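All figures in this text were calculated on a predicted structure; none of them were measured in a lab.
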Amino acid sequence: MEIDRLDSLSLVEQVELWNEAFADYLVPADMTEASFTARMEKLQQSPHESLIAKVDGEAAAIILTGTRDFTNTRMAWIGGLAVVPRFRKMGISNQLLERLFESYREQGVDESRLEVISENIPALRLYQKLGYTQINELIYLTGTLQDFGVAGYRLKEVNDPNDYIALEEDASPWQNRIAAHHKIATIWRNDEQLGYIVYGISDENLILLQVRLNNAPNQILGLLQGFHDMYGSISCAVFNEIVTSEYLPVLLDRGFEKVATQIQMRKKI
């Protein structure tokens with residue numbers, strides 16, 4: 001088996017490998033060249049730091065990673081690891097990870113983090129064997145913005161993110177952090193600020209990434225009403241929220257559905 005940098009492949013080959021390796025994943029993961037490139041850039045994953053494995057010259061596995069500095073910690077994140085089905089049960093994932101850890105040590109990385117779908121028991125056991133421990137259990141919900149009949153809520157976009165970056169919790173998932181080019185808005189009612197939200201928005205989808213509300217169970221529908229007033233009845237997702245967050249039952253009662261749960265993990269390097 002040979003291990004090489006992801007950027008040793010052309011973009012076409014990178015995407016083909018990703019799609020083949022993730023073809024039977026527990027949630028849809030298929031990507032185009034455009035969406036693959038956008039994801040790599042948005043999540044600050046490095047084609048040079050990411051790795052592939054080859055068996056007899058044929059691309060067999062892929063692992064995506066990137067590094068960032070958070071306060072005094074050099075952190076790395078694994079944003080996808082998969083082996084092409086016909087090459088599984090050969091120990092390739094273990095060897096890719098061990099090589100990645102060597103690279104992390106060379107870069108002075110302090111900690112590696114990742115998320116693994118709760119039902120993916122083989123992957124979970126592998127990460128535990130290699131020294132990863134659980135931080136949180138996270139949930140992914142989807143639904144639709146509605147007119148909830150709640151008045152008086154409004155959003156104000158935040159232009160300078162620095163004050164809010166300083167408020168981010170240490171356990172905030174990599175994908176949900178403000179550094180991943182997300183928007184921030186404060187939430188107001190009757191001239192009182194109720195908190196703030198980190199989110200992503202497109203023409204067809206709203207993604208809630210950090211919900212920071214005073215008394216969130218009572219305010220969450222007001223927050224969604226504010227977004228509905230701005231964008232209409234578009235789809236809405238809550239991504240990587242801690243499963244014990246008190247406002248989640250409110251959304252489930254209003255038609256939101258669970259897509260998946262993930263285990264957020266860390267490993268000291």
Side-chain angles (χ1 to χ4, degrees), residues 22 24-31 35 38-39 42-43 115-120 134-158 164 168-169 171-178 180-190 192-264:
F22 279 95
D24 58 351
Y25 196 50
L26 295 170
V27 297
D30 191 74
M31 284 194 276
S35 62
R39 183 180 187 272
K42 185 179 183 65
L43 297 178
E115 294 84 40
V116 58
I117 291 180
S118 303
E119 291 81 6
N120 192 350
Q134 180 172 333
I135 303 172
N136 282 312
E137 186 175 9
L138 309 173
I139 194 167
Y140 176 20
L141 302 180
T142 58
T144 303
L145 290 181
Q146 307 170 32
D147 184 348
F148 294 103
V150 183
Y153 288 83
R154 56 194 174 91
L155 305 173
K156 294 182 182 179
E157 187 171 351
V158 172
Y164 293 88
E168 287 187 304
E169 298 173 359
S172 293
W174 179 285
Q175 296 156 284
N176 296 50
R177 289 180 179 257
I178 296 166
H181 311 293
H182 298 311
K183 293 180 175 292
I184 312 168
T186 51
I187 304 105
W188 298 77
R189 189 181 192 193
N190 299 328
E192 178 187 1
Q193 182 176 344
L194 304 174
Y196 68 95
I197 178 77
V198 179
Y199 67 101
I201 186 72
S202 67
D203 292 339
E204 299 179 351
N205 191 41
L206 168 70
I207 304 177
L208 306 184
L209 297 153
Q210 295 183 41
V211 176
R212 302 291 180 260
L213 285 171
N214 302 330
N215 196 1
N218 290 336
Q219 308 293 355
I220 188 65
L221 295 183
L223 166 66
L224 296 185
Q225 182 75 53
F227 277 115
H228 178 270
D229 293 344
M230 295 171 63
Y231 300 109
S233 298
I234 63 173
S235 64
C236 177
V238 178
F239 186 62
N240 280 348
E241 181 59 276
I242 298 173
V243 295
T244 54
S245 293
E246 293 181 346
Y247 73 88
L248 293 176
V250 177
L251 298 185
L252 292 168
D253 286 343
R254 292 299 184 119
F256 279 69
E257 297 181 349
K258 183 183 82 168
V259 176
T261 57
Q262 298 194 101
I263 305 300
Q264 181 190 21

A side-chain contact here means heavy atoms from C-beta on lying under 4.5 Å apart; do [X] and [Y] qualify?
| X | Y | result |
| --- | --- | --- |
| L208 | F227 | yes |
| V158 | T186 | yes |
| S245 | V211 | no |
| I187 | L155 | yes |

Applying side chain to side chain donor-acceptor pair (under 3.5 Å), can you list everything that pairs with [X], at least two apart in sequence or on another chain?
| X | value |
| --- | --- |
| R189 | Y153 |
| N214 | none |
| S233 | H228 |
| T144 | none |

Residue pairs passing the salt bridge (charged side-chain N to carboxylate O under 4.0 Å, His left out) test where at least one lies in residues 137-154, sequence neighbours excluded:
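Listed by first then second residue: R154-D191.
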Filter on salt bridge (charged side-chain N to carboxylate O under 4.0 Å, His left out), then keep only pairs touching residues 224-253, sequence neighbours left out; what's left?
none
Over all heavy atoms of both residues, which pair between C236 and L224 is shortest? Give the atoms and the distance, please.
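Closest approach of C236 to L224: SG-CD2, 4.2 Å.
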Do you know which two heavy atoms are closest between L138 and P173, and how far apart they sit?
CD1-CG, 3.9 Å
So, using ring-ring contact (aromatic ring centres under 6.0 Å, His included) as the criterion, who are the partners of [X] when residues are at least two apart?
| X | value |
| --- | --- |
| F256 | none |
| Y247 | none |
| Y25 | F22 |
| Y164 | Y196 |

So, does [X] use its side chain to make a donor-acceptor pair with the main chain of [Y] at under 3.5 Å?
| X | Y | value |
| --- | --- | --- |
| Q219 | L194 | no |
| N190 | G152 | no |
| S118 | T261 | yes |
| W174 | L43 | yes |
| E168 | I178 | yes |
| Q210 | V198 | no |

Not counting sequence neighbours, which residues clear salt bridge (Lys or Arg N to Asp or Glu O under 4.0 Å) with D24? List them please.
R88
So, using salt bridge (Lys or Arg N to Asp or Glu O under 4.0 Å) as the criterion, who are the partners of E192 when residues are at least two apart?
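In terms of salt bridge (Lys or Arg N to Asp or Glu O under 4.0 Å), with neighbours along the sequence ignored, E192 is linked to no residue.
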Distance check, rounded to the nearest 0.5 Å: [X] atom [atom1] versus [Y] atom [atom2]?
| X | Y | atom1 | atom2 | answer |
| --- | --- | --- | --- | --- |
| L206 | M230 | CG | CE | 9.5 Å |
| I117 | Q262 | CD1 | CD | 5.5 Å |
| I184 | I197 | CD1 | CD1 | 10.5 Å |

Among N240, V259, I207, find the residue that satisfies the side-chain contact (heavy atoms from CB on, under 4.5 Å) test when tested with Y140.
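It is V259, the one option of N240, V259, I207 that forms the side-chain contact (heavy atoms from CB on, under 4.5 Å) with Y140.
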